[in-house]
Structures are given as C-alpha cells and as structure tokens.
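Side-chain atoms are counted along with the backbone in the values below, which use heavy atoms only and exclude waters and symmetry mates.
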Amino acid sequence: MKSVVVIGGGFAGLAATVKLTELGHQVTLIERRQILGGRAFSITDPVTGDTIDNGQHLFMKCYWATLHLLKTLGTHENIVFQNEFHLEYRHPSTGATTLRFPKYLPAPLNVLVGFLRFKAVTMKDIVPLAKLKPELKKTLPPHLSVAQWLTQCKQTTRLQEVFWNPLCLAALNQMPHQAPAQHLQTVLNEAFFSSADGSLLGYARMGLSNLLFDQAKSYLTTHNQTLELGVYAKKLEVTSPQKVRLHLSNGHIYSPDMIISALPPHALAKILPMDPFADLLHLLISYRPSPILSVNLWYDRPTLDKPIIGMLGTKMEWAFHKASLYQNHDKASQGHITLIASAAHQLAQMPHKDIAEWAHQEFQSVVPEAQKAVLQHARVICEHRATQTLPLGQIPPHTQTHHPQLLLAGDWVNTGLPATIESAVRSGFQAAEIVDKT
C-alpha cells in the first residue's frame, strides 16, 4: 500500500482517488474549494430557486471510464441516455430536421442511413462521407486542423456547416481551424464507428454538484480516505531525485510516496520549481483557455417540448429544457431554458445583459413558441477556463513527469481525447494505475 496525495477534486482527481482506493492505497485528496467536481458544479439561482450548472454537460455512452466512476460512486442511475441517437436541429429560416441513427443497424451503416434521412443535407453532401472510413485508421499529424482534414476528406461546405462544425465545437470546444484533427478522429472512432450505441447522448437528471458531491464525500469517508476541503497547494518542493514535498495553504506539509496533480495547467505552473520541470513549465504556459457560455432564460410558460435541441445558423448551439432534463429530481421551473455557446471568445467579451438579449432573440428565431412567451428573468454564466488548448502541433504532456514521484491528471493531459469529462477520468485512472505498478 502506498500513500498518495491527489491535488484537485475535479473529475480527474476524483477518478484517481477512486481508482487508488479500489487498488488498496491510502489517499489524501486536496481541494481548494468547499465542494468537489472542479469545473462541473451547480448553484442555486436566488431569483427562481432553480438549480443551474456552470455549464450544461452532455455525456455519451462511449464514456466507459466516466460511467465506471459514477457507478462506483453509486450515482450512475442519475445519468439518462437515449435509446437511439436522435437530435432535432432548428434553423431560423429552414425550420426543424432530425438526425437519427437507427438502433437496429450496426455501425457505420446506421450513420449512413441516418444521413440519408437528414433533410439538412443532400446526396451530394452524403457521398463524400465514404472518404472518411480509410482516414479513421490513419495516424494524423498533430499540426493538422479539423478544417484541413475535412477539406482533405472532400467534405462539402454544407455538411461542415450543419454537422462537422457543430460537432467540433461541442466535442472539442474549439473552432475547426484551431482544433486538432486527431481529436475529432478519436471522437468519431469511439462514438460513431465502434458500436451502434457509442454515440447515444446522456444528461444528468440533477445539478452537477448534486450528482457528485455527497456521493463522492460518502465514498471517501466509507473507505477511510482523507479529504481536505478549502485548502490549496502552495509549493511543490523537490528534496531529492526521488522525493518531493507538498506545502499546503494551511501549513500542512506532505511527503507521500506519490503525488498526483489534477490541477489545470496555469495552477500547476504556479507551484512547480524550475528544476527538474523546466520543459513541463514551458508547455504549461503555452496553454490557452477556451470559454463556454451558458445563458439561462426563464419564460412565463414552457416553450420547448423536448429536453435538447441543436441550433443551426445561430451563435448559440444548444438549447436545453431544464424541467424535462430533471423530471423533478432537482429544481427547475417549466419555463427554464439553458442555451450554450462553445469556444465563445467573442460573446464572452460582451456585457451579460447584451448576451442574454442576443440569446433570447436567437431562441425565439428557432422556437416559434418562445415568441408568445414573456421573458421574466435571465442569468449568464461564462466559464472562461472551461477547457485548456494548445497551439496546433504541440503535444500535451504525458502522465509521468521528469520526477518519479509526480504524476499528472486532467482533461488536458495526453489521453488521445479532447478536453472532456471522459478525458479527465481516463487520465485519473491512468495515473492511479501507474502508482500501483511503480
């Protein structure tokens, strides 16, 4: 049994802690806030009393690591999945159309049939999809962008507008010309072309904090693990080529067998010494944040008759009817709508009042029912550091560092996946497994 300190109580840190517990190690989990979950958390709106997330998260059935983590914590039943992939898109001028992948067909045949029935595209757009199949097995260079890759694959402008670009934004939180094609390739392989149910969308039927915090805290208590909340790491001190010490804000000093940092890049850079981490520090400061914008609108009546729709031809990309998502498992008014914009660098600079008005008008443009409703309240939440991105061509760091006692975890670590909850959880599991084998 090893003693391990995990810094950071987001999905990556929780995953590392849970896996280490399963493997029989003693863990101390350090979290600077009073709640667990990292960037996945919820609050109560003081005006309506509704539970709102800092950013609405979607899950996919191919998130095997995330589902394992939630099952271990006993909260997996609070994730609701589709029985069949289907997503209705709304456009201000062309109206509604649905993309549906039949569950009775194997992948990738179900994808082909789905696009043949998708009214937003024509046969001219669908035929080039066949060019993707050999591309999914290639090793793509790290400097190749999604936009460049799609052009190489002869994907039409129309298909990029209605499917590829929205998918890139949703899955990678980057614009296609900035996002690495490698990451989209992985998403396609795991979600759409490995099994018929990998692409099924899922959502939490309660706020993210309610989904995680009590269950995670109970799990740690039951397994006699240590949880320090409201405490942060001040300095990582290298005392020898084989030993490190961690100094905390409350004066505690830890000298465990191993340390797993599940901090974001900018926070980790603040506590690392130059020696022997010069190369890592140089990479950490190369990361740039990519924001996700959530606009919560409260109407005087229900305006949406389904939990989720995609929005095309607008800056807002998704609309969620919170009462349909929660189904009375958490507090949501019938008129509560959440709109999401990914990689929202420009929108995030606008005053919140203007953002809310913009979102309200866009929602009305795709949902005619909203034109009859009265907007009673609005709240904008911008997660400025929703994900961390590197310039094209730069490779994320691996789990192991130049010091044998320090390991990395986080959605930004090299898992082969884009910065998602699944990437965070897999990175935590991987770090725990390295501890166990060391």
Less than 3.5 Å apart, any donor N or O on the side chain of [X] or [Y] sitting next to an acceptor on the other?
X	Y	value
Thr401	His403	no
His336	Ser333	no
Glu383	Asn54	yes
Gln430	Thr399	yes
Gln225	Thr21	yes
Gln155	Trp164	yes

Between atom [atom1] of [X] and atom [atom2] of [Y], what is the distance when rounded to the nearest 0.5 Å?
X	Y	atom1	atom2	answer
Leu211	His76	CG	NE2	11.5 Å
Leu325	Thr338	CG	OG1	8.0 Å
Ser286	Leu284	OG	CG	8.5 Å
Ile292	Ile381	CD1	CD1	12.5 Å

Any donor-acceptor pair under 3.5 Å linking the side chain of [X] with the backbone of [Y]?
X	Y	result
Thr97	Phe118	no
Arg39	Ala386	yes
Gln56	Leu339	no
Glu362	Met316	yes
Ser423	Ala419	no
His183	Pro180	no
Thr94	His91	no
Gln178	Ser145	no
Glu422	Thr66	yes
Asn173	Ser342	no

So with a 6.0 Å cut-off around [atom1] of [X], is the heavy-atom count from everything else above 12?
X	atom1	result
Lys306	NZ	yes
Gln346	CD	no
Gln400	CD	no

Evaluate the side-chain hydrogen bond (donor to acceptor under 3.5 Å, both in side chains) criterion for residues Gln394 and Tyr287: first the C-alpha distance (whole Å), next the side-chain angles of each, then the deciding distance (0.1 Å), finally the verdict.
CA-CA 10 Å; Gln394 288 195 255; Tyr287 276 89; over 6 Å; no
Residue from Asp330, Asp53, Asp45, Asp50 passing salt bridge (Lys or Arg N to Asp or Glu O under 4.0 Å) with Lys322
Asp53
Would you check if the distance from the ring center of Phe320 to the ring center of Tyr203 is below 6.0 Å?
no
Does Tyr254 have its ring centroid less than 6.0 Å away from the ring centroid of His247?
no
Please evaluate residues Thr186 and Asn189 with respect to the criterion side-chain hydrogen bond (donor to acceptor under 3.5 Å, both in side chains), reporting the C-alpha separation (whole Å), side-chain torsions for both, the decisive distance (0.1 Å), and the verdict.
CA-CA 5 Å; Thr186 302; Asn189 278 320; 5.9 Å; no
Under the 6.0 Å and 45° cation-pi test, does Arg33 pair with Phe41?
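Yes.
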Kindly write out the residues that satisfy salt bridge (charged side-chain N to carboxylate O under 4.0 Å, His left out) with [X], not counting sequence neighbours, or none if the list is empty.
X	value
Arg90	Glu88
Arg205	none
Arg100	Glu84

Is there a side-chain contact between [X] and [Y] (heavy atoms, below 4.5 Å)?
X	Y	result
Thr226	Leu29	no
Leu304	Glu369	no
Leu150	Cys153	no
Met274	Phe277	no

Evaluate the criterion side-chain contact (heavy atoms from CB on, under 4.5 Å) for residue pair Leu99 and Phe163; output intermediate values, then yes/no.
CA-CA 10 Å; Leu99 181 61; Phe163 181 72; 3.8 Å; yes
Assess whether a salt bridge exists between Arg158 and Asp125, defined as any Lys/Arg side-chain N lying under 4.0 Å from an Asp/Glu carboxylate O.
no
Check this for me, if you would: do Lys353 and Glu357 make a salt bridge, where the nitrogen-to-carboxylate-oxygen distance has to be below 4.0 angstrom?
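Answer for the salt bridge query: no.
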Describe, in one word, how the ring planes of Phe101 and Phe192 are oriented to each other, choosing from parallel (under 30°), tilted (30 to 60°) and perpendicular (over 60°).
perpendicular
